[in-house]
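One structure is given here, and the rest of the page talks about it.
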Amino acid sequence: MTEASILLLRACLALLAMPIYLLSFLGIWEPFCKKIFFPFFLEKLSVIHERKAKKQKQELFRNLTDFKSPSGELKLLEIGTGCGANFQFYPAGCKVTCTDISPNFQQGLSRSMNKNQHIHYEHFLIAAGEDLHQVPSGSVDAVVCTLVLCSVRDVNGTLKEVLRVLRPGGAFFFLEHVAADRSSWRYFWQQVCYPTWKLVFDGCCLTREIWKNLEQANFSDLNIQHTTVALPWTPIEPHIVGYAVK
């Protein structure tokens, strides 16, 4: 009964989103989404998410200074920088390399850079999380990734790259929305929304159990907390937050 209900409701949602499915079939939606819609949407969502998750981020990024190199520097790599929503939380003087698979966030990113002059911006690299070959192995003290692992093509491949670029003793900081408890109504609605949500929001997957990928990765220490960030009218309330040490 549940499977049938999910399929029926998926079909109803697809009917409502039929214009987008048609544009996708014609090859129009994806370039429009990547270049115009998703950067606009993400910048607006970041403002709301920032307000809701501010305490979690402040607590999380307070630990960044614990991972400075022996020289006292903190070299930080951010995967999926987007519009630069995390810059305000980084400690003064840290050296930041920004990466994103898309070059289409430049306007929002420039605004965030101008607002946050307390950090040094070293590079901006067009790169997927699974392929950071432009970043030398063992070259950074910390890697940050927030609301990105939901849409990478390969979570395990991304975590392997994180481990590669981190120096021994460096840390990976994360805040990600994840699948709800499988027995909950929220998980039911995540399953209903999944195909249309993924199409509309540039590959964002609602039902990834990312904590399992982190547990299976080769980190020496994993500090993880399940929490909620209530975003109105969205199915992405369950989150995980924490850091993992190489």
Side-chain angles (χ1 to χ4, degrees), residues 34-35 38-69 71-129 132 134-136 139-152 158 161-162 165-167 170-177 201-202 204 223 225 227 229 231 236 239-244:
K34 289 184 181 299
K35 190 170 183 179
F38 193 66
F40 172 81
F41 168 79
L42 189 63
E43 189 168 6
K44 301 303 179 187
L45 178 68
S46 293
V47 173
I48 300 169
H49 193 271
E50 208 53 58
R51 191 165 63 245
K52 300 285 187 179
K54 189 170 185 178
K55 287 183 179 178
Q56 286 100 326
K57 284 193 175 184
Q58 285 174 332
E59 185 65 30
L60 174 65
F61 293 131
R62 191 175 291 134
N63 296 322
L64 274 170
T65 53
D66 295 341
F67 296 95
K68 288 182 177 179
S69 66
S71 67
E73 279 189 335
L74 179 66
K75 290 187 176 182
L76 186 151
L77 171 76
E78 181 164 0
I79 297 174
T81 304
C83 301
N86 295 323
F87 293 162
Q88 61 182 300
F89 301 104
Y90 294 162
C94 76
K95 297 180 176 180
V96 179
T97 295
C98 305
T99 74
D100 205 289
I101 196 170
S102 170
N104 298 312
F105 296 103
Q106 290 293 349
Q107 286 187 341
L109 188 60
S110 295
R111 282 194 288 270
S112 291
M113 286 177 166
N114 290 333
K115 286 180 187 175
N116 295 281
Q117 296 291 322
H118 64 289
I119 55 182
H120 300 299
Y121 302 100
E122 295 211 298
H123 308 286
F124 179 82
L125 307 174
I126 305 298
L132 300 171
Q134 300 167 78
V135 183
S139 63
V140 297
D141 304 300
V143 176
V144 171
C145 188
T146 62
L147 303 184
V148 172
L149 293 179
C150 59
S151 56
V152 297
T158 300
E161 279 291 80
V162 168
V165 302
L166 278 172
R167 65 165 174 80
F172 173 52
F173 289 77
F174 54 87
L175 173 65
E176 298 287 343
H177 72 83
F201 298 112
D202 199 24
C204 176
N223 299 273
Q225 179 183 350
T227 186
V229 178
L231 297 175
I236 60 173
H239 283 60
I240 55 170
V241 60
Y243 64 94

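- Considering only residues two or more places apart in sequence or on other chains, His177 meets the ring pair (Phe, Tyr, Trp, His ring centres under 6.0 Å) condition with none of them.
- Of the listed residues (Leu77, Val143, Leu76), just one forms a side chain to side chain contact (heavy atoms under 4.5 Å, CB included) with Thr97, and that residue is Leu77.
- Taking NE2 of His49 as the start and OG1 of Thr146 as the end, the distance is 7.5 Å to the nearest 0.5 Å.
- Looking at Ile79 and Leu132, their side chains come closer than 4.5 Å, going by heavy atoms from C-beta outward.
- Side chain of Asp141 to main chain of Lys75: a donor-acceptor pair is present (N/O by atom type, distance under 3.5 Å, no hydrogens or angles).
- Note: Lys55 NZ to Glu59 CD = 11.0 Å, rounded to the nearest 0.5 Å.
- The structure places CZ of Arg62 at 10.0 Å from CG of Leu60, a figure rounded to the nearest 0.5 Å.
- Taking CZ from Phe173 and CD from Glu78, the interatomic distance works out to 12.5 Å, rounded to the nearest 0.5 Å.
- Between the side chain of Thr227 and the backbone N or O of Ile240, no donor-acceptor pair lies under 3.5 Å.
- The local environment of CZ in Phe41 is crowded, with over 12 non-hydrogen atoms from other residues, nucleotides or ligands closer than 6.0 Å.
- Note: Glu176 CD to Cys145 SG = 4.5 Å, rounded to the nearest 0.5 Å.
- Distance alone, capped at 3.5 Å, places no donor-acceptor pair between the Asn223 side chain and the Gly242 backbone.
- Listed for the His118 side chain is a donor-acceptor partner under 3.5 Å among the backbone atoms of Tyr90.
- Relative ring orientation between Phe67 and Tyr243 is described as perpendicular, the plane-to-plane angle rising above 60° on a 0-90° scale split at 30° and 60°.
- Here the CG atom belonging to Leu175 is positioned 10.5 Å from the CD atom belonging to Gln225, to the nearest 0.5 angstrom.
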